[in-house]
Number of protein chains: 2
Amino acid sequence: MTVTIKDVAKEADVAPSTVSRVISDSPRISERTKEKVREAMARLGYHPNFNARSLANQSTKTIGVIMPNSANKTFQNPFFPEVIRGISTKAHQLEYGLYLSTGQSDDEIYEEVQHMVQGKRVDGIILLYSKVDDRVMKYLHEQDFPFTVIGRPYDDSLSNVTFVNNDNLKAAKTVTEYLLLLGHKRIAFIGGNLEHVVTIDHMEGYHQALKNAGIDPCDDYIVFHDELQEGGQEAVIDLMSLAERPSALIVADDIMTFGVMRMLSEMEVHVPDDISIISFNNVMISELSAPPMTTVDINIYSLGYEAANLLIDKILHPDVPAKKVLIPHKMIKRQTCRRVAAERTLKEETL
Amino acid sequence: MTVTIKDVAKEADVAPSTVSRVISDSPRISERTKEKVREAMARLGYHPNFNARSLANQSTKTIGVIMPNSANKTFQNPFFPEVIRGISTKAHQLEYGLYLSTGQSDDEIYEEVQHMVQGKRVDGIILLYSKVDDRVMKYLHEQDFPFTVIGRPYDDSLSNVTFVNNDNLKAAKTVTEYLLLLGHKRIAFIGGNLEHVVTIDHMEGYHQALKNAGIDPCDDYIVFHDELQEGGQEAVIDLMSLAERPSALIVADDIMTFGVMRMLSEMEVHVPDDISIISFNNVMISELSAPPMTTVDINIYSLGYEAANLLIDKILHPDVPAKKVLIPHKMIKRQTCRRVAAERTLKEETL
DNA sequence: TATTCATTTTAAACCGTTTTCATCTTTTTT
DNA sequence: AAAAAAGATGAAAACGGTTTAAAATGAATA
């Protein structure tokens with residue numbers, strides 16, 4: 001039925017092992033035989049069976065990509081296509097394939113990862129998220145299975161884990177400082193899921209900047225939500241109901257910012273005149289908000305590209321120590337931040 | 001090293017074939033032996049090797065998902081995560097895995113599909129796009145390999161192809177009629193890539209509606225662009241430079257609409273007061289534009305879910321004839337469409 | 001011419017399952 | 001009690017490759 005290596009061998013009048021060596025272009029085979037075998041392969045339309053190869057090789061040339069728990073809408077964030085595009089590019093270059101997780105809940109995902117690893121379905125795994133106390137990461141670490149994380153592992157005991165990250169703390173700090181410099185004193189922080197390490201880092205940066213400026217962080221100004229737009233909207237309601245409304249908002253994610261801006265516009269609060277906003281990620285559409293949003297470009301594509309790069313490196317050389325790569329970020333100033341008028345600042349201070 | 005079926009066999013003091021039968025829960029094995037074997041598996045921490053299984057079974061329990069040519073930014077469209085979420089859900093239910101294409105150009109993708117098929121890496125394939133004269137589709141059809149298309153095949157010779165689609169013609173027609181009903185006469189159409197069948201269907205629907213209303217389609221009002229936001233923006237410049245500006249815009253895609261609205265806002269053309277807009281897809285963020293956009297919900301998730309469903313059906317029963325599923329669409333009225341003032345309409349007519 | 005050594009090629013084992021077919025027990029039927 | 005049928009298990013051959021170790025070939029050296 002299907003043409004196998006044996007058929008080719010017969011056709012070319014050599015042994016199957018020779019054909020195998022021709023496929024892998026082994027130097028042990030003479031040019032003349034190679035040519036002969038290649039012709040036979042072409043004549044028969046031979047194509048190697050991937051599973052047989054994987055079985056014999058103990059290698060699948062496949063990378064498992066683990067999405068976060070997508071029960072909520074997280075998944076519709078354009079962040080994911082973009083990070084996958086980065087992974088794809090590198091994977092394709094090195095002739096690796098991508099195997100995507102399909103689980104929706106934490107349990108499903110955990111089970112799926114076990115299957116991938118134990119069933120030897122993939123050579124390595126990229127975690128597209130980093131949570132506090134993540135079973136999946138713990139499991140991979142215990143199994144000593146090649147994997148990389150996008151984001152940093154929270155638990156310091158997982159010290160020898162390879163990861164790609166942004167300096168999220170620094171980014172959040174800079175962003176806060178920027179708002180302070182623009183004269184803002186009441187800066188609120190709308191974070192993502194508190195279980196995600198990136199949220200923790202953002203908040204720490206925010207805190208540090210406020211502290212350095214001698215401002216006491218006010219709990220009312222700190223809100224967390226994991227759903228993207230809905231979360232953004234609720235957060236706005238909470239913040240705008242405060243006696244002392246914030247004059248600036250730091251938002252965890254561009255998509256969330258769309259929700260935030262939508263809600264503000266319904267409340268007839270104008271951006272940036274009444275309130276400044278700055279957020280993170282710089283996904284494609286963030287320049288298309290009205291007004292275009294100021295945000296931190298975290299270079300999503302590179303996160304993916306480097307993660308794949310590091311992972312394949314790890315697969316090929318399992319014993320080299322863990323690498324940690326920081327992808328640079330960059331503030332993209334657009335039109336959602338504004339200097340607070342001096343008089344207003346003065347008035348505030350008298351309050 | 002790794003624990004195989006043979007190790008389990010030894011541990012349980014049975015033959016490997018018995019263990020295999022226990023795994024598949026064959027009725028030919030007595031409950032007593034099953035229990036014994038299961039205990040041995042647990043004791044040894046046995047997990048079946050996927051590649052070996054695939055090889056013996058001639059089945060991978062894996063679906064190949066082919067993304068469109070992503071050299072351009074198409075890929076960042078939240079359409080894809082959402083359609084994949086649909087596919088994922090069904091696949092997970094039926095215990096199929098997802099294997100993602102990584103190629104960026106048409107050539108790369110074509111080659112990759114060949115690898116998947118000939119290398120028996122996947123049991124079936126879902127095409128996430130449908131183009132005119134697509135080599136990939138032609139190839140899969142020739143090979144008689146199980147596949148489904150999201151969108152409809154253009155070529156009628158590919159009659160026995162299973163696909164999931166929206167009635168895009170009808171949707172575009174309805175949308176156009178809706179604008180006509182609102183009093184619009186100068187309705188422009190900003191389509192996507194003309195090679196995509198969906199674009200052709202949209203345009204046909206647009207044409208039909210205009211014709212029924214006795215309006216001659218004006219070529220200047222019809223523009224195509226494949227890049228998403230950039231395309232949207234250029235299209236706007238072109239249209240707004242016309243002597244007779246359109247009073248309404250039909251846009252192929254929500255993300256493109258963001259670009260369109262951004263550009264209009266720069267030109268100080270107000271939506272919907274100066275111009276009405278309606279678009280397609282209803283991705284998550286489309287309700288977050290300013291103002292929230294009127295769009296056609298095409299039920300992206302269901303497209304994916306049904307595609308996976310049909311495909312797995314096809315894999316399991318290769319000989320049943322091709323199925324074609326239409327997913328219903330629904331116009332979501334938000335705030336980008338407006339009735340044209342009677343006086344203005346009158347004035348126009350005197351022109 | 002016989003010996004050595006490098007170069008090519010091959011036979012056979014292996015990767016870890018599934019499955020066909022045969023064998024060995026039991027149980028049922030006559 | 002013998003024969004037939006049913007039930008449970010096992011041995012061995014796939015599945016389609018890779019790889020180790022050995023054999024064949026040919027060239028170079030003594």
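FYI, side chains are in, hydrogens and waters are out, and symmetry mates aren't considered; it's all heavy atoms of this structure. Below, chain A is the first sequence line, B the second, and so on; all start at residue 1.
Against DNA chain D, the stretch residues 43-57 of chain B makes heavy-atom approaches under 4.0 Å through B:Leu55, B:Ala56. Residues from residues 5-20 of chain B lying near DNA chain D, meaning a heavy-atom separation below 4.0 Å, are B:Asp13, B:Val14, B:Ala15, B:Ser17, B:Thr18 in numerical order. At a non-hydrogen distance threshold of 4.0 Å, B:Arg28, B:Ile29, B:Ser30, B:Thr33 from residues 27-39 of chain B come into contact with DNA chain D.
Of the possible donor and acceptor atoms, one in the side chain of B:Ser26 sits under 3.5 Å from a partner among the backbone N and O of B:Arg28. A distance-only check finds a donor-acceptor pair linking the side chain of A:Glu112 to the backbone of A:Thr102 [under 3.5 Å]. In terms of modelled atom types and a separation under 3.5 Å, the side chain of B:Asn166 and the main chain of B:Ile327 share a donor-acceptor contact.
Between the side chain of A:Arg21 and the base of C:dT8 there is no donor-acceptor pair of N/O atoms closer than 3.5 Å.
Phosphate contact (OP1/OP2 of C:dG16, side-chain N/O of A:Gln58, threshold under 4.0 Å): present.
Within 6.0 Å of atom NZ in A:Lys10, 12 or fewer heavy atoms from other residues, nucleotides or ligands are found, so the atom counts as exposed in its surroundings. Within 6.0 Å of the NZ atom in A:Lys61, the count of heavy atoms belonging to other residues, nucleotides or ligands exceeds 12.
With respect to the salt-bridge test (charged N to carboxylate O, under 4.0 angstrom), the residues A:Arg43 and A:Glu11 qualify. A salt bridge does not link A:Asp319 with A:Lys314: none of the charged nitrogens is closer than 4.0 Å to a carboxylate oxygen. Look at A:Asp133 and A:Lys138 and you find no salt bridge, because none of the NZ, NE, NH1 or NH2 atoms lies under 4.0 Å from a carboxylate O.
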Could you please spell out the steps behind the salt bridge (Lys or Arg N to Asp or Glu O under 4.0 Å) verdict for B:Asp107 and B:Arg135? CA-CA 9 Å; B:Asp107 284 347; B:Arg135 287 150 72 198; 2.9 Å; yes
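For the pair B:Leu98 and B:Ser88, the minimum side-chain heavy-atom distance is below 4.5 Å.
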